[in-house]
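Here the structure is laid out as structure tokens; the discussion comes afterwards.
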Amino acid sequence: MTESNSLPKAYEPKDVEPRWYRFWEERGLFLADPTSSRPRFAMVIPPPNVTGSLHIGHAFTLSLQDIVVRWKRMSGHDVLWLPGLDHAGIATQMVVERQLANQGLRKEDLGREGFEARIWAWKEESGGKILSQLRLMGFSLDWTRERFTLDARLSRAVREVFVSLYEQGLVYRGDYIVNWCPRCVTALSDLEVMSHPTQGHLWHIRYPGKDGGPGVVVATTRPETLLGDTAVAVHPEDERHRHLLGKTVILPVLGREIPVVADPFVDREFGTGAVKITPAHDPNDFQAAERLGLPSINIMDERGVLNESAGPYAGFERFDARSKIVEQLTAENLLVATTAHDLALGRCQRCNTVVEPRLSRQWFVKTKPLAEPAIQAVQDGRIAFVPDNWSKTYFEWMLNIRDWCISRQLWWGHRIPAWTCTACGELSVSRQDLSSCPRCGGGVEQERDVLDTWFSSALFPFSTLGWPDQTPDLAAYYPNSAMMTGFDIIFFWVARMIMMGIRFAGDVPFRQVFINGLVRDEKGDKMSKTKGNDVDPLEVIDKHGTDALRFTLAALAAPGTDPSLGEARLLGYKAFVNKLWNASRFALMNLEGERAAGYDFASLPVPSRWILSRQQEVADRVEAALGEFRFDQAAHQLYHFVWDEVCDWYIEIAKGYFADPTEGPRARAVLLEVLEASLRLLHPIMPYVTEEIWQRLPHEGESIMVAPYPKAQASKRDPEAESQMERLMRVVTAIRTIRATYEVERRKRIEVTVASHAAADRALLTAHGGLLTALGGLASLLVVEAAPETRGAIRQALDGLELVIPMAGLFEIEAEQARLSKELSKLEAERLGLQKKLDNPQFVERAKPEVVAESRDRLAELLARRAKVEATLAELAEA
RNA sequence: AGGCGCGUGGCUCAGUGGUAGAGCGCUUCCUUGACACGGAAGAGGUCGGUGGUUCAAUUCCACCCGCGCCUACCA
């Protein structure tokens with residue numbers, strides 16, 4: 001009895017997890033070392049938004065990242081995995097605004113500084129929660145390098161990049177139509193607008209001629225915008241409308257006189273072929289107006305309420321104005337028709353409010369010059385997407401990229417470092433805060449706007465390493481080795497990191513981009529809080545443990561697919577954690593308190609050489625799988641090796657060896673070796689349970705975290721032992737099948753004769769008689785050259801062997817005939833297929849020779865078995 | 001409109017140019033000194049449809065049907 005007997009029967013994650021995380025962190029095992037001479041592996045975490053707590057999607061992508069990171073560390077790399085948080089401008093501001101609203105307050109009540117202080121307090125709360133969750137999940141992040149996108153160091157990088165871009169002419173300010181959210185009261189980038197297919201209307205409205213003629217009919221989906229119309233446009237070659245060119249029509253409601261102009265952008269097929277031009281509220285119209293020199297009239301304020309330019313409708317909310325205007329037009333007989341019309345309605349990503357295209361003064365990044373080298377980097381392979389098909393998505397967007405609106409009318413974020421002189425109006429963009437105008441010395445006012453939150457995220461791979469200073473970290477860890485994230489932020493984040501990295505840090509930000517799917521529920525539906533089908537990682541960890549969750553996520557991570565996470569799957573892998581635990585418990589119980597004995601591989605019995613050989617194969621496959629981000633394959637390999645091979649076969653066989661004075665110590669040594677290696681192989685996926693067990697086993701080093709990742713050893717490969725073992729397992733399974741079919745009681749031991757004409761087979765079977773006897777529940781085993789003609793016996797042919805089992809008292813002729821007939825028809829079906837193939841001369845000629853040979857062997861085997869079964873059936877018929 | 005992806009046993013999903021796999025579920029048996037979160041043995045699939053390429057197609061190609069997702073300034 002050893003101390004290990006104190007191991008509980010079932011694994012209790014809660015008792016072990018916090019202990020080991022503390023242990024790792026206290027010993028500095030997560031720390032990167034830029035002075036190390038080891039190969040580097042560097043990655044930054046996709047910084048979570050400080051808007052609450054982590055969801056299952058974070059748990060998924062970050063678990064995969066931690067698997068890679070732990071694997072690389074064990075494989076001898078100096079690893080940096082850098083943690084951080086994102087201030088998430090608009091999203092975080094919304095959260096806090098909502099909190100204020102619950103107290104009946106608006107941010108204006110606190111003032112800008114007061115509100116910012118309030119958000120900082122929230123940042124501490126949410127950030128703290130997130131950081132503790134990251135620890136709970138076992139992530140091996142270098143906490144000494146934790147960063148926040150709004151902290152001083154990163155803000156300095158943001159300012160440096162902004163000013164540089166401005167100096168290079170790649171940031172500009174101007175009046176353009178932008179996507180405007182009237183609820184958030186800010187401009188949005190194109191990416192922040194979600195388009196929703198919507199059933200809407202197309203209103204056909206008559207603009208009467210000034211000359212008293214019928215004028216022209218235009219079609220619009222937003223009739224309220226007619227208040228801002230400054231022209232009507234038709235296609236220059238449209239015969240239907242040619243007579244109107246140069247004429248003047250009367251704008252309904254307001255009675256303004258506007259010209260009919262020609263522009264080729266008008267689609268003659270759409271609507272009436274005449275389009276109203278509203279330069280201040282539509283991007284196409286804006287461009288047309290620029291071309292044609294038309295004025296623009298802004299009819300709406302920043303909250304979507306019509307302004308004084310809207311005449312009688314000033315003060316109306318935009319959708320109220322719409323319905324009222326439609327009423328008025330109907331009353332005045334100017335509404336010619338109303339038809340149903342499908343349109344893509346843009347809504348704010350954050351609050352779902354219908355976005356209003358609005359003319360306003362904003363800051364933009366000129367993206368084309370940044371995009372070109374970013375496209376090039378992926379084209380020439382300096383950056384690889386995994387799976388590769390995402391590069392197509394990337395190109396698609398990059399090739400059609402449009403300028404990026406980066407200014408936001410928010411209070412939470414990096415304030416734009418631009419100052420306007422109150423005296424001379426000079427605009428100055430500066431790295432240092434300005435207190436006076438560099439041109440005239442007058443007073444200055446800083447921009448009120450802040451930058452899009454993704455602007456700072458785009459710099460994350462280098463801003464976190466100290467850039468623009470040339471720090472040791474930057475030298476050691478830039479470019480990062482990989483970036484792992486979800487496809488939903490390829491454009492928001494990945495593309496922009498590539499553009500900014502190349503431009504400012506002198507190289508691509510990372511070499512590989514691994515794109516994972518989105519976690520769905522067990523039915524494949526998207527998870528959402530409103531639907532109530534979302535899974536809280538903390539609840540899962542509480543119920544099943546971190547390792548079970550991590551293993552499940554890894555096992556589900558097939559590339560290019562979205563994992564469906566369900567309770568059943570989780571329970572299955574929780575059972576696996578427990579299985580591993582109990583296998584270890586068994587090994588420890590038999591350890592006899594000392595380090596296991598050595599052995600000479602070549603002289604080990606077949607099962608021991610088999611399991612060691614298999615372990616090398618598994619090590620190889622797991623390593624290969626991890627190298628390709630095939631977490632699912634790595635997990636499945638290990639699952640089946642540990643459960644099916646180590647537990648179900650080797651441990652059961654080893655039990656028979658333990659009592660033996662010579663085999664016992666060797667079997668214990670082999671079992672320990674295999675188990676210990678399996679723990680190391682599993683550690684990146686299941687860090688806690690593997691550490692807990694590993695520490696109790698004989699081991700070298702302070703933690704499994706920094707123990708070497710197992711490499712396949714060629715000296716322990718033994719294909720012969722593998723095939724011999726497969727033969728033995730097949731015999732055992734055949735015996736068990738017969739026992740099960742005839743419902744032989746477990747305690748009842750049976751007599752089995754195995755016949756084979758091959759001497760090697762007979763030697764193998766004889767040498768492992770003990771094994772067969774134990775696993776098959778035999779009373780006796782007789783190995784012979786030719787099967788005896790025993791009446792009333794069950795016969796089973798397989799792979800050149802024949803089993804003969806006398807079943808006195810249990811044997812029923814009808815049952816046995818049925819069993820054999822079924823087998824016969826199966827054999828016959830397969831034989832027919834093979835025969836047909838081999839009878840086809842084309843196949844024999846053209847197929848690969850080894851395929852033909854295989855088929856012939858298989859056919860011969862089938863024929864032999866068929867003969868045996870037929871003979872037995874004939875015997876039974878006589879009886 | 002364009003792009004991407006999916007359609008394999010009851011469910012959720014892997015996979016492969018040449019005898020179809022897993023987890024869960026299901027059936028039968030088993031409380032054996034690691035584990036009932038367990039053990040043993042099973043049942044269950046014309047791999048969405050139609051053509052084509054091939055000696056051979058679930059796997060490659062084309063088209064079709066069904067379902068997702070992404071991108072897009074048609075008023």
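Hydrogens, waters and symmetry mates play no part in the numbers below; they use all other heavy atoms, side chains included. By convention in this document, chain letters (A, B, ...) are assigned in the order of the sequence lines, proteins followed by strands, and residues within each chain are numbered from 1. As the structure is a prediction and not an experimental result, all values here were calculated from the model.
Looking at A/Glu652, its side chain comes within 3.5 Å of the base of B/rA34 through a donor and an acceptor atom. Counting atom types as modelled, A/Lys579 pairs a side-chain N or O with a base atom of B/rC35 as donor and acceptor under 3.5 Å.
To the nearest angstrom, P of B/rG3 lies 16 Å from CH2 of A/Trp390. Atom pair A/Asp263:CG and B/rA75:P shows a separation of 17 Å (rounding to whole Å applied). Between the CD atom of A/Glu290 and the C1' atom of B/rC73 there is a distance of 15 Å, rounded to whole Å. A/Met194 has its CE atom 13 Å from the C1' atom of B/rC69, to the nearest Å. The distance between atom NZ of A/Lys9 and atom C1' of B/rG33, rounded to the nearest whole Å, is 10 Å. Look at CG on A/Asp644: it is 12 Å from C1' on B/rG23, rounded to the nearest Å. Note: CG (A/Leu834) to C1' (B/rA56) measures 13 Å, nearest angstrom. Counting to the nearest Å, the P atom of B/rA41 and the CZ atom of A/Arg736 are 5 Å from each other.
Comparing atom distances between the A/Leu191 side chain and each of B/rG5, B/rU71, B/rA41 picks out B/rU71 as nearest. Nearest nucleotide to the side chain of A/Ala568, out of B/rC24, B/rU71, B/rC35: B/rC24. You'll find that the side chain of A/Lys392 is closest to B/rG3, out of B/rU32, B/rG3, B/rA34. Checked against B/rU32, B/rC74, B/rA72, the side chain of A/Arg747 finds its nearest nucleotide in B/rU32. Distances were taken from every side-chain heavy atom of A/Arg402 (C-beta onward) to each of B/rG18, B/rA34, B/rC73; the shortest belongs to B/rC73. Distances were taken from every side-chain heavy atom of A/Phe270 (C-beta onward) to each of B/rA34, B/rC4, B/rA75; the shortest belongs to B/rA75. For A/Ala10, taking side-chain heavy atoms from C-beta onward, the closest of the listed nucleotides B/rC37, B/rA14, B/rA43 is B/rC37. Closest to the A/Lys837 side chain, of the nucleotides B/rA43, B/rG18, B/rA14, is B/rG18.
Among the heavy atoms of the strands, none lies under 4.0 Å from A/Lys836. Across all strands shown, A/Phe491 has heavy atoms under 4.0 Å from sugar-phosphate atoms exclusively, and none from any base. Residue A/Asp267 is classed as a base contact, given a heavy-atom separation below 4.0 Å to a base. Within the 4.0 angstrom heavy-atom criterion, base atoms lie near A/Arg746. Using a 4.0 Å heavy-atom criterion, one finds that A/Phe576 contacts no nucleic acid atom at all. Heavy atoms of A/Ala575 sit under 4.0 angstrom from at least one base atom. Across all strands shown, A/Trp649 has no heavy atoms under 4.0 Å from either base or sugar-phosphate atoms. Note on A/His204: nothing from the nucleic acid sits closer than 4.0 angstrom, heavy atoms only. Counting any heavy atom pair closer than 4.0 Å across all strands shown, A/Lys276 reaches no nucleic acid atom. Nucleic acid contact class of A/Arg739 (heavy atoms, under 4.0 Å, all strands): none. Using a 4.0 Å heavy-atom distance criterion, A/Thr737 is classed as a sugar-phosphate-only contact. Among the protein residues, A/Asn284 comes within range of the nucleic acid bases, having at least one heavy atom under 4.0 Å from a base atom. At the heavy-atom level, A/Thr733 lies under 4.0 Å from the strands shown only through sugar-phosphate atoms. Among the heavy atoms of the strands lying under 4.0 Å from A/Ile651 is at least one base atom, whether or not backbone atoms are also near.
A/Trp581 and A/Tyr11 have tilted rings, their planes meeting at an angle from 30° to 60° on a 0 to 90° scale.
Phosphate contact (OP1/OP2 of B/rC35, side-chain N/O of A/Arg585, threshold under 4.0 Å): present. Side-chain nitrogen and oxygen atoms of A/His341 include at least one within less than 4.0 Å of the OP1 or OP2 phosphate oxygen of B/rA75. One finds no side-chain N or O of A/Lys655 lying less than 4.0 angstrom from the OP1 or OP2 phosphate oxygen of B/rG33. An OP1 or OP2 oxygen of B/rC4 is reached within less than 4.0 angstrom by no side-chain nitrogen or oxygen of A/Thr393.
For the C1' atom pair drawn from B/rA43 and B/rG48, the interatomic distance equals 25 Å after rounding to whole Å. Comparing B/rA14 with B/rA1, their C1' atoms are spaced 34 Å from each other, to the whole Å. B/rA36 and B/rG18 are spaced 42 Å apart, taking the P atom of each and rounding to whole Å. A gap of 25 Å separates the P atoms of B/rC13 and B/rU50, to the nearest Å. Nucleotides B/rC73 and B/rU16 are separated by 38 Å at their P atoms, to the nearest Å. Nucleotides B/rA41 and B/rU54, compared at atom C1', are 41 Å apart to the nearest Å. Spacing between B/rC63 and B/rG45 at atom P, rounded to whole Å, works out to 33 Å. Using atom P as the reference point in both B/rG17 and B/rC6, the two lie 15 Å apart (nearest Å).
A/Glu269 and A/His235 share no side-chain donor-acceptor pair at under 3.5 Å.
Among all heavy-atom pairs drawn from A/Leu671 and A/Ala587, the shortest one is CD2-CB, 4.0 Å. Shown here for A/Gly776 and A/Arg739, the closest heavy-atom pair between the two residues is O-NH1, 3.1 Å. Across every non-hydrogen atom of A/Thr278 and A/Thr225, the tightest pair is CG2-O, 3.2 Å.
Mapping A/Ala558 and A/Val844 onto RNA chain B via the closest heavy atom, the residue that lands nearer the 5' end is A/Ala558. Nearer to the 5' terminus of RNA chain B, by closest-nucleotide assignment, is the contact made by A/Thr741 (compared with the other of A/Thr741 and A/Asn840).
With a cut-off of 3.5 Å on both pairing distances, the Watson-Crick or G-U wobble partner of B/rG23 is B/rC11. With a cut-off of 3.5 Å on both Watson-Crick or G-U wobble distances, the partner of B/rA75 is given as none. In this entry B/rG17 has no Watson-Crick or G-U wobble partner, no candidate having both defining distances under 3.5 Å. Across every strand in view, B/rU54 sits unpaired, with no contact that passes the Watson-Crick or G-U test at under 3.5 angstrom. B/rG2 is paired with B/rC70 under the criterion used here, namely a Watson-Crick or G-U wobble arrangement in which both key atom distances are under 3.5 Å. Figure legend. B/rU46 is base-paired to no nucleotide; pairs are counted as Watson-Crick or G-U wobble with both atom distances under 3.5 Å.
Both tests do not hold together for A/Lys655 against A/Tyr650: distance to the six-membered ring centre under 6.0 Å, angle to the ring axis within 45°.
Between the side chain of A/Arg865 and the main chain of A/Gln796, no donor-acceptor pair closer than 3.5 Å is present. No donor-acceptor distance shorter than 3.5 angstrom exists from the side chain of A/Arg347 to the backbone of A/Met194, with no hydrogens or angles considered.
Aromatic ring centres of A/Phe385 and A/Phe514 lie farther apart than the 6.0 Å criterion allows.
Between A/Asp238 and A/Arg268 there is no salt bridge, since none of the side-chain N atoms of the basic residue sits less than 4.0 Å from a carboxylate O of the acidic one.
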